[in-house]
Amino acid sequence: MTYTIDAFRIAISGGPLDRLVADLALMGVLFASSIGLLVAVIHRRRRFRPSDLRPGLG
């Protein structure tokens, strides 16, 4: 959230554009890495295991 607020402040009131670009780049990296992790977890959970197909009766 720190980088988002900093980027909004720079965009609204002006400021050094190099900091704005750095904030946006970091937020892009965080977004891409979290989407990648989400896709990996979902892909792994979609595989069936034998215990998923035949659950115990007891």
Side-chain angles (χ1 to χ4, degrees):
M1 238 174 118
T2 300
Y3 299 104
T4 306
I5 291 172
D6 191 37
F8 279 135
R9 285 181 180 166
I10 292 170
I12 291 172
S13 63
L17 290 179
D18 57 336
R19 263 181 59 194
L20 177 64
V21 171
D23 289 341
L24 292 176
L26 181 67
M27 287 188 291
V29 167
L30 290 173
F31 179 75
S33 62
S34 54
I35 292 296
L37 182 63
L38 176 70
V39 167
V41 167
I42 289 175
H43 180 69
R44 185 165 187 238
R45 291 297 230 162
R46 290 183 68 190
R47 295 185 193 160
F48 290 112
R49 292 177 229 138
S51 62
D52 293 335
L53 299 174
R54 289 183 288 164
L57 298 175

From CG (Asp23) to CG (Leu17), nearest 0.5 Å
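One finds 11.5 Å between CG of Asp23 and CG of Leu17.
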
Roughly how far, to the nearest 0.5 Å, is OH of Tyr3 from CG of Leu20?
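Going from CG on Leu20 over to OH on Tyr3, the span is 14.0 Å.
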
Contacts table for residues 24-32: side-chain donor-acceptor under 3.5 angstrom, sequence neighbours left out:
none

